[in-house]
A.B. asks: 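One structure, as structure tokens, below. Some questions next.
In what follows, every heavy atom counts, from backbone to side chain, and hydrogens, waters and symmetry copies are set aside. In what follows, chains are A, B, ... by sequence order, proteins preceding strands, each numbered from 1.
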There are 2 protein chains.
Amino acid sequence: MATTTRSAERARLTYFPQLAAERLDIALCRASAAVARAADTHAAEEGLGVGQHLVLQMLDAVGPCSQQTLSEELRIDRSVMVSVCDDLERAGHVRRERNPRDRRSYAVTITDTGRRRLVEAQTSVPAFLDDAFHALTPEERGQLSTLLGKLLGVGA
Amino acid sequence: MATTTRSAERARLTYFPQLAAERLDIALCRASAAVARAADTHAAEEGLGVGQHLVLQMLDAVGPCSQQTLSEELRIDRSVMVSVCDDLERAGHVRRERNPRDRRSYAVTITDTGRRRLVEAQTSVPAFLDDAFHALTPEERGQLSTLLGKLLGVGA
DNA sequence: CGCAGATCGTTTGACAGCAGATGATTTTTG
DNA sequence: CAAAAATCATCTGCTGTCAAACGATCTGCG
């Protein structure tokens with residue numbers, strides 16, 4: 001009975017159950033943090049940051065964009081978008097040309113290299129998602145997606 | 001037809017639909033960020049940080065704890081816990097006494113002031129949650145809670 | 001006892017995310 | 001047309017989070 005306090009505490013608790021029961025907000029944050037971490041390590045292995053991936057994906061889908069548009073659509077801060085584009089440009093995945101119509105903005109364009117890189121990375125995403133959400137069945141993932149959609153205000 | 005590029009871009013897009021459709025991880029992060037922000041502003045109005053609230057709640061529920069135990073159970077980094085406890089102590093909500101059994105650790109104890117403060121803050125939490133998750137019905141919140149629980153590994 | 005290793009609280013340094021200021025350019029307005 | 005306001009990309013500074021290092025203390029082993 002030498003070790004009193006700590007082991008007594010520990011015995012009574014397993015991650016303070018009240019939290020999981022009541023505070024949905026905190027559960028949400030924890031889950032988000034977990035998958036975000038997984039996404040980051042996945043991205044690191046892939047050699048392409050999450051933001052970079054999204055930018056490439058969007059450029060490939062909708063064509064050249066200003067950094068502003070990329071920012072707004074992808075919900076990435078303008079300041080951050082600068083360095084994301086810096087990295088992509090340095091890697092040759094993207095070209096930055098001044099938009100001739102409005103020389104304040106860039107026309108960020110995906111290169112062929114970038115497109116190839118995107119295809120590469122793209123294929124591994126479903127596998128990553130499968131891994132990150134392996135605790136949920138496909139139906140449950142659908143549920144979750146719907147719920148999060150409502151929470152984020154689908155149309156807003 | 002002076003405004004070409006930007007409006008054309010904007011017309012085609014509303015927050016890059018591919019994302020919401022495919023990447024469950026990103027939807028999760030966005031939702032989490034939204035409610036976290038809401039929680040922070042709520043906490044700011046309440047005058048009691050989220051971490052501080054949790055610490056008081058746990059101390060009230062299970063009695064004196066070491067910062068270590070608080071850290072682990074509440075999933076707050078030890079480094080952060082230091083300043084959380086500093087703030088609580090400065091406000092008189094908590095006392096820090098050295099544990100006589102192990103003088104490395106503290107026995108963090110909630111004071112009567114802290115207990116009163118907790119009751120005050122406690123009552124406003126359900127209202128906040130109701131507001132933050134007003135887009136979901138009670139059943140949907142239950143679903144979400146279950147799903148997040150699975151995702152976090154209920155017992156692990 | 002005496003020393004090696006672990007543990008607790010704290011400090012430090014690195015890094016992402018965001019608000020606000022700046023400079024270049026465009027658009028609007030008198 | 002010229003001055004004022006707006007917009008785009010960028011830079012700077014602040015905050016919060018996390019990892020690693022550090023002193024103090026405890027435990028285990030010879």
Side-chain angles (χ1 to χ4, degrees), chain A residues 1-7 9-10 26 29-30 32-34 36-37 39-41 43-44 49-52 54-55 64-90 94-108, chain B residues 1-7 9-10 26 29-30 32-34 36-37 39-41 43-44 49-52 54-55 64-90 94-108:
Chain A
M1 63 162 150
T3 54
T4 45
T5 315
R6 252 176 53 91
S7 42
E9 287 170 12
R10 194 59 40 83
I26 291 179
C29 288
R30 294 222 201 301
S32 165
R37 175 166 305 217
D40 279 345
T41 61
V50 177
Q52 301 180 31
L54 293 179
V55 168
C65 284
S66 68
Q67 292 185 191
Q68 180 74 6
T69 308
L70 289 168
S71 269
E72 291 173 6
E73 290 294 325
L74 299 176
R75 316 296 210 119
I76 297 174
D77 196 85
R78 295 174 311 177
S79 325
V80 178
M81 185 58 72
V82 173
S83 54
V84 171
C85 287
D86 282 349
D87 294 341
L88 284 173
E89 192 176 33
R90 199 174 307 119
V94 138
R95 264 196 317 272
R96 266 200 276 215
E97 293 145 0
R98 284 287 174 186
N99 182 343
R101 306 250 187 202
D102 183 345
R103 299 224 309 283
R104 290 172 301 186
S105 63
Y106 285 126
V108 184
Chain B
M1 62 163 150
T3 54
T4 45
T5 316
R6 253 177 50 93
S7 43
E9 287 170 13
R10 194 60 40 83
I26 292 179
C29 288
R30 293 221 204 301
S32 164
R37 173 166 309 217
D40 278 346
T41 61
V50 177
Q52 300 179 32
L54 294 179
V55 168
C65 283
S66 68
Q67 293 184 191
Q68 181 72 8
T69 308
L70 289 167
S71 269
E72 290 173 8
E73 290 293 324
L74 298 175
R75 315 297 210 125
I76 297 174
D77 197 87
R78 293 178 310 178
S79 325
V80 179
M81 185 57 72
V82 173
S83 54
V84 172
C85 288
D86 282 349
D87 294 342
L88 285 173
E89 191 177 32
R90 201 173 307 120
V94 141
R95 264 196 317 272
R96 267 201 274 216
E97 293 145 0
R98 284 287 175 185
N99 181 345
R101 307 248 188 203
D102 183 345
R103 299 221 310 283
R104 290 171 301 184
S105 62
Y106 286 129
V108 184

A.B. asks: B:Arg95: which residues meet the side chain to side chain contact (heavy atoms under 4.5 Å, CB included) condition with it, sequence neighbours left out?
C.D. replies: B:Glu97, B:Thr109, B:Thr111
A.B. asks: Kindly point out which of C:dT10, C:dC8, D:dT10 is positioned nearest to the side chain of B:Ser105?
C.D. replies: C:dC8
A.B. asks: Where do N or O atoms of nucleotides 23-26 of chain D meet protein N or O atoms at under 3.5 Å, pair by pair?
C.D. replies:
residue, atom, partner, partner atom, Å
D:dC26, OP1, B:Arg103, N, 3.2

A.B. asks: OP1 or OP2 of C:dG20 sitting under 4.0 Å from any side-chain N/O of A:Arg78?
C.D. replies: no
A.B. asks: Can you name the nearest heavy-atom pair linking A:Cys29 to B:Ser32, along with the distance?
C.D. replies: CA-OG, 3.5 Å
A.B. asks: Taking only residues two or more places apart in sequence, or in another chain, which ones meet B:Asp40 in a side chain to side chain contact (heavy atoms under 4.5 Å, CB included)?
C.D. replies: B:Val50
A.B. asks: Can you name the residues that form a side-chain hydrogen bond (donor to acceptor under 3.5 Å, both in side chains) with B:Thr41, not counting sequence neighbours?
C.D. replies: none
A.B. asks: Take the protein atom OH of A:Tyr106 and the nucleotide atom C1' of C:dT25, then report the distance between them rounded to whole Å.
C.D. replies: 12 Å
A.B. asks: Figure out the CE/P separation between B:Met81 and C:dG9, and round it to whole Å.
C.D. replies: 10 Å
A.B. asks: Mind checking side-chain hydrogen bond (donor to acceptor under 3.5 Å, both in side chains) for B:Arg98 and listing every partner two or more places apart, or none if nothing turns up?
C.D. replies: B:Tyr106
A.B. asks: Whole-Å distance between D:dT15 C1' and B:Asp40 CG?
C.D. replies: 11 Å
A.B. asks: Can you run down the salt bridge (Lys or Arg N to Asp or Glu O under 4.0 Å) pairs that involve residues 79-89 of chain B, sequence neighbours left out, and say none if there aren't any?
C.D. replies: B:Asp86-B:Arg96, B:Asp87-B:Arg90, B:Glu89-B:Arg96
A.B. asks: I'd like to check the side-chain hydrogen bond (donor to acceptor under 3.5 Å, both in side chains) partners of A:Ser83; sequence neighbours left out, ordered by chain and number.
C.D. replies: none
A.B. asks: Give the rounded distance in Å between these two atoms: CG of B:Leu70 and P of C:dT10.
C.D. replies: 12 Å
A.B. asks: Give a yes/no answer on whether the side chain of B:Gln68 brings an N or O atom under 4.0 Å of OP1 or OP2 in C:dC8.
C.D. replies: yes
A.B. asks: What pairs with A:Arg78 under side chain to side chain contact (heavy atoms under 4.5 Å, CB included), at least two apart in sequence or on another chain?
C.D. replies: A:Gln68, A:Ser71
A.B. asks: Please write out the pairs of protein N or O atoms and N or O atoms of nucleotides 14-19 of chain C separated by less than 3.5 Å, giving the distance to one decimal.
C.D. replies:
residue, atom, partner, partner atom, Å
C:dA19, N6, A:Ser79, OG, 3.4

